[in-house]
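A short worksheet on the structure shown next.
Order of the sequence lines fixes the chain letters, A, B, ..., with proteins taken first and strands second; residue numbering starts at 1 for each chain.
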Protein chains: 2
Amino acid sequence: MRARGGLAPEGYDKYAFEPFAVTVDLAVLTVRAGELEVLLVERGQEPYAGRWALPGGFVLPKESAETAARRVLAVETGIPDLSRLHLEQLRTYSEPDRDPRMRVVSVAFAALLPDPPEPHGGGDAAQARWLPYGSVGPLAFDHERILADAHERVGAKLEYTCLATSFCPPEFTLGELQRVYETVWGAVLDRPNFRRKVLATPGFVEPVPGAARLTGGRGKPAALYRAGGATALQPPLLRPPSEGRPS
Amino acid sequence: MRARGGLAPEGYDKYAFEPFAVTVDLAVLTVRAGELEVLLVERGQEPYAGRWALPGGFVLPKESAETAARRVLAVETGIPDLSRLHLEQLRTYSEPDRDPRMRVVSVAFAALLPDPPEPHGGGDAAQARWLPYGSVGPLAFDHERILADAHERVGAKLEYTCLATSFCPPEFTLGELQRVYETVWGAVLDRPNFRRKVLATPGFVEPVPGAARLTGGRGKPAALYRAGGATALQPPLLRPPSEGRPS
DNA sequence: CTTTTTATAGTCGTACTGACTATTACTCGT
DNA sequence: ACGAGTAATAGTCAGTACGACTATAAAAAG
């Protein structure tokens with residue numbers, strides 16, 4: 001193979017390479033009412049027309065993958081405020097046959113968005129919606145795999161980082177924070193122990209003085225907290241051991 | 001922008017995208033004589049001719065990035081046996097100006113190779129050599145950043161996985177295993193405590209019955225171990241806290 | 001045969017965690 | 001108004017893991 005015309009500038013003439021399309025795909029997660037939800041778009045055209053898929057699109061010539069990810073998400077879901085979006089590169093999926101039409105290399109991102117805003121379809125997306133993580137049917141392309149990888153990555157990161165606050169509104173109760181862990185991990189945690197751990201980690205959360213909120217109207221009002229300055233948890237807050245994951 | 005002629009098959013006509021070159025870059029690490037070393041190649045042509053760089057090359061049309069990584073490494077370093085190579089995707093570097101000639105998106109890998117074999121230049125590499133990690137001068141492109149990211153990733157993975165055995169020959173002593181940790185982390189560990197931790201983790205290592213080896217000819221002969229079946233370490237083996245890394 | 005070197009065995013106190021129990025401050029139903 | 005229910009908060013207790021350390025064993029070097 002030789003490089004195609006116009007694509008091999010000075011210095012690359014002796015190289016044989018094929019130009020690929022480079023895209024981004026986003027697995028955007030959120031927690032609403034104790035349920036883990038994923039932001040999906042309905043494909044408007046073949047292949048997989050009518051199927052749900054992760055939001056995604058081509059990287060433009062002057063963009064990095066990160067920049068493209070934010071743009072694509074804004075276009076396909078119409079969500080106006082992405083300032084609280086937590087974006088993190090997951091990995092790149094490059095199997096030659098992952099798109100039946102042509103060679104597409106996709107840089108995938110795991111993303112978190114608190115307080116899930118209503119999305120609208122846009123761009124190539126017929127519609128965009130939050131769907132419960134457990135009930136996503138078969139997705140287009142290899143998006144199911146990407147989504148599962150993102151879920152695993154986020155679950156692991158909750159263990160040793162302060163990422164969980166990215167799922168929460170600016171001010172939150174410890175109960176809400178705990179529900180983030182429980183929802184992502186699919187496990188139940190002991191409340192007093194969770195409290196102790198979070199409060200004992202310097203910089204994880206800081207109290208909002210004098211503020212309290214009733215969670216759902218019942219029970220004792222809970223104190224409010226903000227995210228602290230720390231990013232790492234040491235020692236980590238481990239998931240309860242389950243039979244599903246290998247030790 | 002419209003897709004260039006011939007690059008937008010049926011179904012992509014309405015999309016505007018630019019074809020990119022997709023490459024792989026490898027940060028291959030090893031431990032020799034208590035020193036961390038990196039496999040580098042000398043660039044044979046502009047830009048950065050004569051500069052050291054990470055081994056890398058284009059992904060071919062029918063390859064995944066993982067496949068390309070192994071092929072490229074074999075071609076550029078001439079190392080015959082890559083069966084013990086541990087390969088792991090690091091992340092993808094896609095800043096628009098990372099290659100001065102054209103748009104190149106690079107999937108970077110962190111890799112480990114035990115018992116460092118002698119490399120020979122090949123392909124586009126004028127020569128290939130192991131160089132001490134600490135003494136790598138300015139590298140080509142953004143390869144210094146990639147190398148630093150790989151080092152950080154490997155260091156972190158030593159904490160909670162059994163990856164360290166990938167730095168070791170098939171049979172090794174606990175002292176050799178400890179030196180892997182110390183070399184990658186740049187820290188000194190307490191020997192009895194390290195022993196206790198490794199042996200208490202089921203499946204990390206398994207003893208080779210009756211075998212012993214003299215490490216460097218002095219001192220009491222050490223028992224030999226093989227890598228066990230486990231892949232994860234729980235609880236993790238944490239790096240001693242240093243001032244360099246934020247908590 | 002003493003010194004040096006490395007491997008191995010074991011001890012002790014502290015920190016962290018899992019599993020609990022108890023108390024407080026609200027709302028809701030009657 | 002009052003008890004039941006609910007959620008937040010406070011605290012206890014035992015087991016485990018870990019850092020720091022001392023002691024012993026088995027080899028080579030001088």
Paired with Leu233(B), the side-chain contact (heavy atoms from CB on, under 4.5 Å) test is passed by just one of Val198(B), Thr161(B), Thr201(B), namely Thr201(B)

Checking Thr77(A), Leu39(A), Val38(A) against Trp130(A) for side-chain contact (heavy atoms from CB on, under 4.5 Å), the one that qualifies is Leu39(A)

Original post:
Within a strict 4.5 Å, meaning less than it, do heavy atoms of the Val154(B) and Phe167(B) side chains meet?
Top reply: yes

Closest to the side chain of Asp190(A), out of dA26(D), dA19(C), dT24(C), is dA19(C)

Numerically ordered, the residues 192-199 of chain B set in heavy-atom contact under 4.0 Å with DNA chain C is Pro192(B), Arg195(B), Arg196(B)

Exercise. Are Asp25(B) and Tyr93(B) linked by a side-chain donor-acceptor pair shorter than 3.5 Å?
Worked result: no

The residue, Pro236(B) or Lys220(B), whose nearest nucleotide of DNA chain D is more 5′ is Pro236(B)

Interatomic distance, [X] [atom1] vs [N] [atom2] [rounded to whole Å]:
X	N	atom1	atom2	result
Leu177(A)	dT9(D)	CG	C1'	16 Å
Gln234(A)	dT17(C)	CD	P	11 Å
Leu189(A)	dA7(D)	CG	P	16 Å
Leu238(A)	dT16(D)	CG	P	16 Å
Gln178(A)	dA7(D)	CD	C1'	11 Å
Tyr181(B)	dC18(D)	OH	P	12 Å

- Item | CZ/Arg98(B): more than 12 non-hydrogen atoms of other groups inside 6.0 Å | yes

Return the [atom1] to [atom2] distance between [X] and [Y], rounded to the nearest 0.5 Å.
X	Y	atom1	atom2	answer
Leu224(B)	Glu176(B)	CG	CD	7.5 Å
Glu206(B)	Arg226(B)	CD	CZ	5.5 Å
Phe194(A)	Arg179(A)	CZ	CZ	10.5 Å

Using a 4.0 Å heavy-atom cut-off across all strands, classify Ala223(A) as base, sugar-phosphate, or nothing.
sugar-phosphate

Tabulate atom names and distances for all N/O pairs under 3.5 angstrom spanning the protein and nucleotides 28-30 of chain D.
unit_1  : atom_1 : unit_2    : atom_2 : d
dA28(D) : O4'    : Gly217(B) : O      : 3.4

Those residues at least two apart in sequence (or on a different chain) that pass ring-ring contact (aromatic ring centres under 6.0 Å, His included) with His151(A) are Tyr133(A)

